[in-house]
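The structure appears below as structure tokens.
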Number of protein chains: 2
Amino acid sequence: MPEVLDHDIREKFRRSGYTLTSQRRAVLEALSEARGHPSAEDVYLVVKRKNPRVALGTVYQALSVLEEIGVIESKHWSDSPTRYDLNLVPHLDVRCVRCGEVAEVPGVEMGDIDQQIQANTPYEVTRTAMLIEGLCPKCSGERNGA
Amino acid sequence: MPEVLDHDIREKFRRSGYTLTSQRRAVLEALSEARGHPSAEDVYLVVKRKNPRVALGTVYQALSVLEEIGVIESKHWSDSPTRYDLNLVPHLDVRCVRCGEVAEVPGVEMGDIDQQIQANTPYEVTRTAMLIEGLCPKCSGERNGA
DNA sequence: GACCCAATCAATAATCATTCCTGAAACGGA
DNA sequence: TCCGTTTCAGGAATGATTATTGATTGGGTC
Ligand SMILES: [Mn+2]
Ligand SMILES: [Mn+2]
Ligand SMILES: [Zn+2]
Ligand SMILES: [Zn+2]
């Protein structure tokens with residue numbers, strides 16, 4: 001198991017005032033095990049394997065705290081529960097509309113889109129995100145096969 | 001009232017095989033009246049003013065049909081019900097995280113982002129969208145005033 | 001104009017992700 | 001150890017959306 005709880009994470013907890021409880025640690029570990037982009041439910045199932053007493057609500061709370069202090073990120077697709085991501089480096093993710101699998105899309109240059117957006121609206125822009133849907137190779141192949 | 005039911009729309013109904021019922025026409029009209037980016041509930045309230053018998057479920061059904069045949073578009077933000085838009089020209093919209101108001105963001109050049117995305121994933125990309133959140137001028141001003 | 005059939009509708013129940021609530025437990029400092 | 005605060009587990013509640021179902025409608029046919 002990689003060193004999930006590095007200095008950076010401990011520091012973010014310290015600065016935020018939140019305590020690093022065993023449940024929050026467990027959620028963090030589950031998130032790094034389930035190397036994909038798990039939903040709250042997915043995380044819950046992993047956490048429960050080691051500690052059957054945790055409730056789904058607790059996982060939601062923990063995820064919310066972790067996101068608030070900037071340790072994880074959430075991504076939202078319509079027609080799907082929220083997915084969580086340990087990868088804090090800005091990047092794009094694509095979700096298969098058929099099976100739900102999420103994969104990263106590296107190497108896309110977004111350029112100055114964010115500045116362009118801010119320059120063209122009187123709103124104070126607080127968040128921008130690229131939403132990508134598609135068919136994964138497996139589902140794309142099965143479309144009229146299997 | 002502008003000519004909402006232009007040739008284009010009638011033609012899309014004809015080609016799809018769906019019939020242009022009074023309820024669907026009412027939803028379309030409500031959508032063009034509520035010149036913003038109304039939710040299904042918003043549309044429902046407008047429709048109900050003229051025909052109190054329509055049910056919310058009917059509005060959802062009508063919106064779904066209208067989107068399917070390409071007469072309207074839906075946009076999704078987390079923490080908000082789906083918004084519907086008569087403006088079919090590709091464009092960006094920003095939503096105020098405080099009051100929920102949606103406004104268009106003109107003049108942003110997305111460049112070849114979509115091609116870049118498709119070139120960098122084995123997925124067959126079926127949809128991309130830019131999600132923008134912010135504070136509208138009014139809410140931004142009130143942040144530490146009013 | 002009466003009749004027929006398929007499409008559509010209204011009303012309501014069900015679903016599902018997420019949040020809220022409550023009393024109990026754990027933690028940290030005086 | 002005692003106290004106040006934070007966190008937790010469990011379960012109920014919420015809110016948007018979808019599914020179900022039986023009734024209604026409307027357009028074509030005789
Ligand atoms: Mn990712
Ligand atoms: Mn718009
Ligand atoms: Zn797939
Ligand atoms: Zn606002």
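We name chains A, B, ... by the order of the sequence lines, and we start the count at 1 in each one.
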Excluding B/Leu131, membership of its hydrophobic cluster (Ile, Leu, Val, Met, Phe, Trp, Tyr; side-chain heavy atoms within less than 4.5 Å) reads B/Trp77, B/Val102

Under 4.0 Å, heavy atoms only, any strand: does A/Thr19 hit a base, just the sugar-phosphate, or nothing? sugar-phosphate

A/Leu20 atom CG is separated from D/dC8 atom P, nearest whole Å, by 10 Å

Residue pair B/Leu56/A/Ser80 against DNA chain C: nearer the 5' end by closest nucleotide is B/Leu56

Which of B/Leu92, B/Asn87, B/Val94 passes side-chain contact (heavy atoms from CB on, under 4.5 Å) with B/Glu104? Answer is B/Asn87

Between OH of B/Tyr18 and C1' of D/dT25 the distance, given in whole Å, is 18 Å

From the candidates D/dA16, D/dT7, D/dT20, the one with an atom nearest any side-chain atom of B/Gln61 is D/dT20

Between OH of B/Tyr44 and C1' of D/dT17 the distance, given in whole Å, is 15 Å

When rounded to whole Å, the CZ to C1' distance for the pair B/Arg53 and D/dA23 reads 10 Å

DNA chain C: first to last nucleotide in contact with chain B (atom under 4.0 angstrom from a heavy atom), 5' to 3', is C/dT8 to C/dA11

For this session: Just call it for A/Thr58: base, sugar-phosphate, or nothing, with non-hydrogen atoms closer than 4.0 Å on any strand.
Result: base

B/Arg25 CZ to D/dT25 C1', in whole Å, measures 15 Å

### Task
Would you tell me whether B/Glu67 and B/Tyr84 have side-chain atoms, one donor and one acceptor, within less than 3.5 Å of each other?
no

Q | Test: B/Glu33 and B/Lys50 ion pair at under 4.0 Å | A | yes

_Side-chain donor-acceptor pair present, B/Tyr123, A/Glu133, cut-off under 3.5 Å_ = no

Whole-Å distance, A/Lys48 NZ to D/dA9 P, equals 13 Å

Short side-chain N/O contact from B/Thr82 to OP1 or OP2 of D/dT17, under 4.0 Å:
yes

Can you see whether B/His91 engages B/Asp85 through a side-chain donor-acceptor pair at a distance of less than 3.5 angstrom? yes

Checklist entry - Would you say the side chain of B/Met130 lies within less than 4.5 Å of the side chain of A/Met110, judging by non-hydrogen atoms? => result yes

### Query
B/Ser39 near the nucleic acid: base, sugar-phosphate alone, or nothing, with a heavy-atom cut-off under 4.0 Å?
nothing

| query | Is any side-chain nitrogen or oxygen of B/Tyr60 closer than 4.0 Å to OP1 or OP2 of D/dT18? | reply | no

Under 4.0 Å, counting only non-hydrogen atoms across every strand here, what does B/Glu41 touch: a base, just sugar-phosphate, or nothing? nothing

Walking DNA chain C from its 5' end, the first of B/Val54 and A/Ser64 to be reached, judged by nearest nucleotide, is B/Val54

B/Glu67 CD to D/dT17 P, in whole Å, measures 12 Å

